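Labels below follow one simple rule: chain letters A, B, ... track the order of the sequence lines, proteins then strands, and each chain is numbered from 1. What you see is a predicted model; the values in this text were computed from it and never measured.
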Amino acid sequence: MTTSAELIEHGHGPSKQRRINQLGLWLFFASETFLFGAFISSRFATTQTETPADLNQALALGLTIVLLLSSISAYMAETANAHDDRRGFKIYTIATILLGTLFLGGVALEWTEALEYFPPGTIYGTAFFSLVGLHAFHVLTGLIALLVILFLGKEGRFGSKDSWPVEGVIKYWHFVDLAWVIIYPTLYLF
Amino acid sequence: MTAATSTYGPGSYRDKARSGWITAVLLGVLTLIEYAVAVTVENPLLLLLPFVLAKGALIMDFFMHVRKLRTGGDH
Amino acid sequence: MWPLIRGTVSGIVGYLIGALLATVTTSSTFSGEFALVLGFAFGLMGWLFGIGMWNAWGRQWVGLPTKSEDADGWRRYFRFNTDHKVIGGQYLVTMLVVFLLAGLVAVAIRAELASPGQSFFAPDTYNKVMSMHGILMIAVAVAGILGAFGNYLVPLMIGADDMAFPRINALGFWMIPPVAVALLAAPLVGSFNAGWTSYPPLSVLNADGQVLFNVAVITFGLSSILGGLNIVATVITMRAPGMTWWKLPIFVWAAFAASILSLTVTQFFAASLIMILLDRIAGTTWFGAPGGGTALLYEHVFWFYSHPAVYIMVLPGMGVILEIIAHFSRKPLFAYKASVISFLSIGGIGSIVWAHHMFTSGMAQNLEGPFMALTELVSIPTGIIFLAAIGTLWRGKLWFQTPLLLAFFWIFQFLIGGITGIFLADFVTDLSLHDTYFVVAHFHYTIVGGSIFALMAGTFYWFPKVTGRMYNERLGKIFATWFFVFFQLTFIPLFWVGLNGMNRRVGTYQDNLGGVNRFASVMAMIMALGFVLFVVNLLWSAKRGPIAGANPWNARTLEWQVSSPPPKHNFATPPSIDGGPYDYGTVGAATHLSGATEPVG
């Protein structure tokens, strides 16, 4: 979110700026938790834990595993960057982007099926499309952010000396994964 | 394996990578058990909550370095 | 002016691209609802990038060096300027203009209500006018004190050079012009007539203007979230050396508590409005009974934000008033720590009382008792705030300037608002009072009393700091008294007509209430006229008023220890703090700012 320009502006050291950035990002997560919370609680308020029999459980489990894999590759990208491993950073960031794209493709496939069995006009479909759509939108923004750090970092400009942009984007990616950890059982398992 | 060994704390690149992969395997195993419980038990809500909490805690601690919030995560 | 033109052009281009995209990808027409939503989203991005976000921020996302958009002189107020004092000024002027505009709409409403029958507005038009008044005033109450004084004063009071995230701060402010444009353009596509609360099923079925209302208010909410995030992060991380938590001026605490609320619960308002958009555009059925949805869900999600929103409006008001009372009584603030704990617990308890708005909605009846009890629990911390105010005044050396006068009025009005609230929190009496003018009078006493009077008091109190010049004291006192007296004469009769069964949100009413309503209407118009005094006083004094000097009130808090107006980065050297902010007349008290001269007390 913030880099050298703001450091100079504020006139305090990088370690304090890093602390401010971290706090700001976590506050943003707290706020986002309330947005997801509103939709998750509305799902329970309208349909409790009811799920239609036509849910594609195998596909959903597959999507969950894909997102989990993207999480570890994101972690590896961040770790590689923090240790100035430029090649590792590049490979793992690309892997994360590919896995994220695969996830979105899976969601699209699932939606074509869902439109047939439980369209948005049904009450489960309402919760399903709203929640998955909200989450997919966050995945999409995360992908854009990952593309930005991949593009900016290809010359090795981040590394351990300016790791915050990478760290912030990867944290956001993990947060989106965390949201799925709760949305997945909410829609499919409970 | 504590938060101190993940990404920014002391410890080698290798250790940190390994702690990340162990976390991921744990998350995967938890997910599979969660799924197995959900398809075998009726009304599994209460049984599944511990899985959600455990997975959430693992992600927050090892992947998102939540404990670094207090110290600012300086190198 | 160049950034404004740039922003407007790229905003329009963005709108056209978005609307076109919607037309191409879906069956929506160019002026259809989906085109409005996508057009607004792209237009908003275009506007923000054009006004200066691209230069000051976006360029670094593609690896280019950023260019500062800051400027000097009056031009900086029309740019993507990151100085918190400029942004505070932008908020203050914008919100006062919106306040006067919404006040004119209120005069139109009172004109219609001056007689029992239908006189100026068709029933549907009346609802549109009333909805416009509602949402504009809500915006002023939410962003007035927090946006203006929160941004201007929090960094100064804690000894920081700026907010934690200056560019997010500028972004938050520049989101507001598109909100205003969307709300004011809504009449072009049928306007919105569902009130600021926008209950379905009406808000799912009415004209396309509702869509503009929704996207505008979601954007406003985002701006409010970013503002709250910034204040919380600033207070936690940017305090000067020695500025411990228990030495924070009380206004900083109030802004902090309100910001925690706006950071979190605002998302529920966004969620409820997104659900309406989904029901209208994507064909979901959150609130459609035929598909299995329920309109009651909306009320729960909506009030989960909109009740705490009352505290987002009022907590900063309490902070301003306690601040003024302490400085103008020349005494330490009474029960400082208890007040701080009260702010935080008002925020906490206030978040779990939302269903008291829904006693007549048909919600589960076993919830009514608990929500009544929790609601009445809020009066304990609120009472402590009153205690702090009165305890500070007690045997103080009162200096009766306009800010203190307005603070006295604030105490009176908020007391009336609080006491009448008990009858609405109690579900037995609420069953007959709900949706009557009793409610209207009650929340005008709390919101105008709690937030707008504090906004006025704060405007007078910090006017010399912001402009460097003193306002006209006599005119200020005349305005304050005028506003107060005619406010009572307008709204006390409305309690009575409410008790006699006059319904809100309708332009007509029973014939026998005509006389009292005509009286209230005339009084409301005279009250509105009084604002000429306010505007003239401020405009004239900003230009011609006597030079105020750095500390005309001899106050101890940090913002008065720098020149008026403060220099660009606030403090030449980072300040360090010794004493507390309110140790007036205490023998041997250290100065708040170490090395500063102790003001006469």
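For C/Leu297, the part lying under 4.5 angstrom from a heavy atom of chain A is the side chain only. Using a 4.5 Å cut-off between heavy atoms, C/Leu229 touches chain A through backbone and side chain atoms alike. In this structure, chain C has a heavy atom under 4.5 Å from the backbone of A/Thr122, while its side chain stays farther away. Contacts between C/Ile274 and chain A at a heavy-atom distance below 4.5 Å involve the side chain alone, from C-beta outward. In this structure, chain A has no heavy atom under 4.5 Å from any part of C/Tyr305. Only the side chain of A/Leu152 comes within contact range of chain C, judged by heavy atoms closer than 4.5 Å. Within the 4.5 angstrom heavy-atom criterion, atoms from both the backbone and the side chain of A/Leu35 approach chain C. With a threshold of 4.5 angstrom between heavy atoms, A/Glu155 does not approach chain C through any atom at all. For A/Ala145, no part lies near chain C; criterion is any non-hydrogen pair under 4.5 Å.
Of the inter-residue distances, the one linking A/Gln22 atom CD with C/Thr237 atom OG1 reads 12.0 Å to the nearest 0.5 angstrom. With rounding to the nearest 0.5 angstrom, the OG1 atom of A/Thr126 is 6.5 Å from the CG atom of C/Asp279. To the nearest 0.5 Å, atoms CH2 (C/Trp61) and CD1 (A/Ile149) are separated by 14.5 Å.
Most heavy-atom pairs under 4.5 Å with chain C: of the set A/Phe39, A/Phe36, A/Phe129, this distinction falls to A/Phe39. Ranking C/Ile236, C/Val301, C/Thr234 against chain A, the residue ahead of the rest is C/Ile236, based on heavy-atom pairs under 4.5 Å. Interface remark: of the candidates A/Ser41, A/Ser42, A/Ala30, A/Ala45, A/Ser42 forms the most heavy-atom pairs closer than 4.5 Å to chain C.
Nearest heavy-atom pair across C/Gly293 and A/Ile123 is CA-CD1, 3.8 Å. Counting all heavy atoms, side chain and backbone alike, C/Gly63 lies closest to A/Arg157 at CA-NH2, 3.5 Å. C/Thr285 and A/Gly121 make their closest contact through CG2-O, 3.2 Å (heavy atoms, listed as atom of the first residue, atom of the second, distance). Closest heavy-atom contact between A/Ser130 and C/Trp286: OG-NE1, 3.1 Å. Nearest approach of A/Gly37 to C/Phe268, heavy atoms of both residues: C-CZ, 4.2 Å. Shown here for A/Phe34 and C/Thr264, the closest heavy-atom pair between the two residues is CB-O, 3.4 Å.
No more than 12 heavy-atom neighbours from other residues, nucleotides or ligands sit within 6.0 angstrom of CZ on A/Phe137.
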Determine, step by step, whether A/Ile20 and C/Met238 satisfy the side chain to side chain contact (heavy atoms under 4.5 Å, CB included) criterion, reporting the C-alpha distance in whole Å, the side-chain angles of both residues, the deciding distance to 0.1 Å, and the verdict. CA-CA 8 Å; A/Ile20 295 175; C/Met238 306 276 288; 3.5 Å; yes

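Looking at heavy atoms from C-beta onward, C/Leu226 lies out of side-chain contact with A/Phe28 at the 4.5 angstrom threshold.
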